[in-house]
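Below is one structure, written out as structure tokens, with a few remarks after it.
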Amino acid sequence: MYPSVLNEIINTMDKEWWKKAIVYQIYPRSFCDSNGDGIGDIPGIISKLDYISSLGVNVIWLSPVYASPNEDNGYDISDYLSIHPDFGTMDDFDALIAEADKRGIKIIMDLVINHTSSEHEWFQKSRKGIEPYKDFYYWSDSWPGTPNNWTGFFGGGTWEYDSERKASYLHLFAPHQPDLNYHNPLVWEKINEILKFWLDKGVKGFRCDVINILYKDSLENGKKKMILTGSEYYLTLDGTHEILKRINETLAEYNAFTVGETVFVDTNDARLLTSPERKELNMVFSFQHMEVDQIIVKWFKKKFSWKKFIAVLDKWQRELEWNTIYLENHDQPRSVSRFGSIEYWKESSKLLATLLLTLKGTPFIFEGEEIGMTNFDFVSMDEVEDVESKNIYKILSSVHVPKGIKWKMIKNTSRDNARTPMQWNNKNGAGFTTGKPWLGINKNKDRINVEMEERDRDSILSYYKTLIAFRKKSDDLLLGDYRLIENGRNVTEYMRGGLSIILNHSDKEVKREIRGEILLSTENERKEGFLKPWEAILVRN
Ligand code: ISL
Ligand code: CA
């Protein structure tokens, strides 16, 4: 090969370093508390960097650590340029970047720019009509004909009356999360300064919160729908594509990457959003595979079917050249409780790990997923903190849904399922805190925790480490083509390059002759000619 061609390939690989990344998501409140106030913090994260590094991951995505009144745990930002005192100081943050860098780990931040907190200075000035902030938000006195009939992501209406301005403002999420008005060019200028501030600190990219709803085309009444009436006026519109291009221009100077959380996108939208030629986002988090067992704004749980699940994943694998792979995050119930089997907790967690780490794309692991953490074991609404769950419960109560049903719905779908503190050991406080944790700790910390799994070579944690190490060395898993071979009721098989991945996602033992060399199995002792319940294997053909 000519040196110039080779150089070009190397340059492209270098620019697309995030394709080789394995990302670990931290929900800072729930990860590790260093000072006993019950809230996870940045010094706590620093103290666990060796652990994170031992997994073999090379990027950390931090859920928001900015100043915030915490109506939505940091997804309501009151100052984009400062660290919430609960989490520590800017010096702590700088130390985190430096310490992570020593271990070859890059940090990406959460960028929440569809809305701010109502306590943000911009909003406080906006409600008083002070320029240049007067039109930073969607106010009914600037838009004739509003408020409209739109319904929000957390249930209920989307307009809140403000007695100071004597007008209402739009909020697609909680009333304390007013939507920014991207028709005003100054808003983008301010956001651009924020991006540069963090990039100059060494942040290597952003996970962009609900990024495909930024731009609202019109504030007319929407067509009435079961959920999100009005969404035709803000889902993935040209105005949003324009803003994404500008974000991309800023990031290009830093060799940083973006992953956009994009709601209600199909593969066509995602292809546009991630097309290298269009220069918008690098990857997206889509929701279709998360909707196999529930409706996106989570009110009802549907029956889960592996066949449908694989069919959705397969479609995304085929139709996108590159994208994210994820089974969990801070908004979703735990994957083993959802797609796995409690009876085969260990086996099914390992099978899910295999799926996550052998599909094509950049894998995202959510804290605790690597030890098989499960849904919470709360028994009453008093233990729930999540603003979304509380809203849903209120709405269900107002229409007299019986208590048992209401509780079941919350249990199945609450975002707090993912947010219970990280289980480091089996002591009181689970090694997460020496104080009173901000959210209850799952009692199964006695048997599901890092300390025990680190000592056990057959643990879920050990399997994650083995598989991550395998993936990093495997051209097949990094670059290989993807092809579905079988989508059966019990067994799925797909190829990545020259490797076959075979999953038995059932409680039953399945007869199966394997041709080729078995490189890895979730089972210590295989049974010749069979796949054990929830066994997953990697085979070289
Ligand atoms: O979590 C959801 C359903 O339970 C989604 O509807 C979620 O609200 C949506 O994916 C947007 O999520 C993001 O923005 C929200 C924040 O509450 C979430 O934590 C965040 O991931 C508002 O900023
Ligand atoms: Ca703390």
Side-chain angles (χ1 to χ4, degrees), residues 25 27-47 61-66 68 70-77 83-89 92 110-117 151-155 158 171-180 207-214 227-228 231 235 259-265 284-288 290-291 293-301 326 328-333 364 366 385-392 409-410 412-419 421 429 432-438:
Q25 182 193 354
Y27 195 67
R29 271 185 105 65
S30 302
F31 192 61
C32 181
D33 172 22
S34 71
N35 61 353
D37 66 357
I39 301 172
D41 46 50
I42 296 173
I45 297 174
I46 295 176
S47 74
W61 150 26
L62 277 188
S63 273
V65 288
Y66 316 91
S68 162
N70 282 329
E71 291 293 338
D72 187 16
N73 285 354
Y75 284 89
D76 47 327
I77 299 172
I83 299 292
H84 197 300
D86 282 351
F87 295 134
T89 62
D92 293 329
D110 219 304
L111 185 72
V112 190
I113 56 172
N114 173 67
H115 43 268
T116 67
S117 158
T151 55
F153 281 78
F154 294 155
T158 56
H171 62 90
L172 291 182
F173 293 88
H176 309 85
Q177 292 168 302
D179 283 49
L180 282 165
R207 175 268 187 188
C208 311
D209 193 61
V210 289
I211 202 71
N212 66 320
I213 66 171
L214 283 193
I227 47 171
L228 295 182
S231 54
L235 279 179
V259 47
E261 185 206 28
T262 48
V263 287
F264 291 104
V265 290
V284 299
F285 288 123
S286 61
F287 284 80
Q288 289 187 339
M290 290 283 132
E291 289 159 36
D293 72 334
Q294 39 186 224
I295 295 176
I296 185 161
V297 175
K298 303 175 203 163
W299 297 70
F300 300 104
K301 187 168 160 54
Y326 78 96
E328 288 190 16
N329 62 40
H330 64 291
D331 290 336
Q332 300 292 339
F364 285 70
F366 179 65
E385 290 286 339
D386 175 25
V387 56
E388 181 193 62
S389 300
K390 286 183 178 168
N391 270 354
I392 293 180
M409 285 164 79
I410 297 295
N412 282 333
T413 61
S414 176
R415 306 192 297 182
D416 279 353
N417 280 311
R419 300 177 181 182
F432 162 71
T433 185
T434 52
K436 186 178 176 318
W438 73 277

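We count ligands from 1, going down the list as the structure has it; atoms in each ligand are counted the same way.
Heavy-atom distances between Met290 and ligand 1 stay at or above 4.0 Å for every pair. Under a 4.0 Å heavy-atom criterion, Gln332 is not in contact with ligand 1.
In this structure, Ala418 and Asn329 approach most closely via the heavy-atom pair CB-O, 3.4 Å. Between Thr158 and Gly152 the shortest heavy-atom distance is CG2-N, 3.4 Å.
A 4.5 Å side-chain heavy-atom check between Asn412 and Gln294 finds every atom pair outside the cut-off. Contact of the Asp86 side chain with the Asp41 side chain is not registered, since no non-hydrogen atoms from C-beta on lie closer than 4.5 Å. The shortest side-chain heavy-atom distance between Asp209 and Asn114 does not fall under the 4.5 Å cut-off. Residues Gln332 and Phe366 have side chains not in contact (no heavy-atom distance under 4.5 Å, counting atoms from C-beta outward).
Every atom of ligand 1 is numbered from 1 in the order shown, and the set under 4.0 Å from a heavy atom of Phe287 is 10 (O). The distance from ligand 1 to the heavy atoms of His330 drops below 4.0 Å at these ligand atoms: 18 (C), 19 (O), 20 (C), 21 (O). Per-residue contacts place His115 under 4.0 angstrom from the following atoms of ligand 1 (heavy atoms of the residue considered): 22 (C), 23 (O). Atoms of ligand 1 found under 4.0 Å from any heavy atom of Val210, numbered from 1 in the order shown, are 11 (C), 14 (O). Against a heavy-atom cut-off of under 4.0 Å, Phe173 is close to the following atoms of ligand 1: 8 (O), 11 (C), 15 (C), 22 (C). Residue-ligand proximity, Arg415 to ligand 1, at heavy-atom distances under 4.0 Å covers atoms 1 (O), 4 (O), 8 (O), 16 (C), 17 (O), 18 (C), 19 (O). Remark: ligand 1 atoms within the under-4.0 Å shell around heavy atoms of Arg419 are 19 (O). Below 4.0 Å from some heavy atom of Phe154 lie the following atoms of ligand 1, by number and element: 8 (O), 17 (O).
Neither the backbone nor the side chain of Gln294 comes within 4.0 Å of ligand 1, counting heavy atoms alone. Of all the heavy atoms of Glu71, none lies under 4.0 Å from any atom of ligand 1, so neither backbone nor side chain is involved.
Aromatic ring orientation, Tyr75 versus His330: parallel (interplanar angle below 30°, classes split at 30° and 60°).
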Starting from the C-alpha separation in whole Å, work towards a yes-or-no answer on side chain to side chain contact (heavy atoms under 4.5 Å, CB included) for Asn212 and Val263.
-> CA-CA 7 Å; Asn212 66 320; Val263 287; 3.6 Å; yes

Take Ile211 and Ile113 through the side chain to side chain contact (heavy atoms under 4.5 Å, CB included) test and state the conclusion after the steps.
-> CA-CA 8 Å; Ile211 202 71; Ile113 56 172; 4.0 Å; yes

Take Ser414 and Asn417 through the side chain to side chain donor-acceptor pair (under 3.5 Å) test and state the conclusion after the steps.
-> CA-CA 6 Å; Ser414 176; Asn417 280 311; 5.1 Å; no

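For the atom pair NE2 of His115 and CG of Leu214, the computed distance is 10.0 Å after rounding to the nearest 0.5 Å.
Taking distances strictly below 3.0 Å, the protein N/O/S atoms close to the Ca ion (ligand 2) are Asp33 OD1, Asn35 OD1, Asp37 OD1, Ile39 O, Asp41 OD2.
Note: Phe285 and Phe364 meet the aromatic proximity criterion, with ring centroids under 6.0 Å apart.
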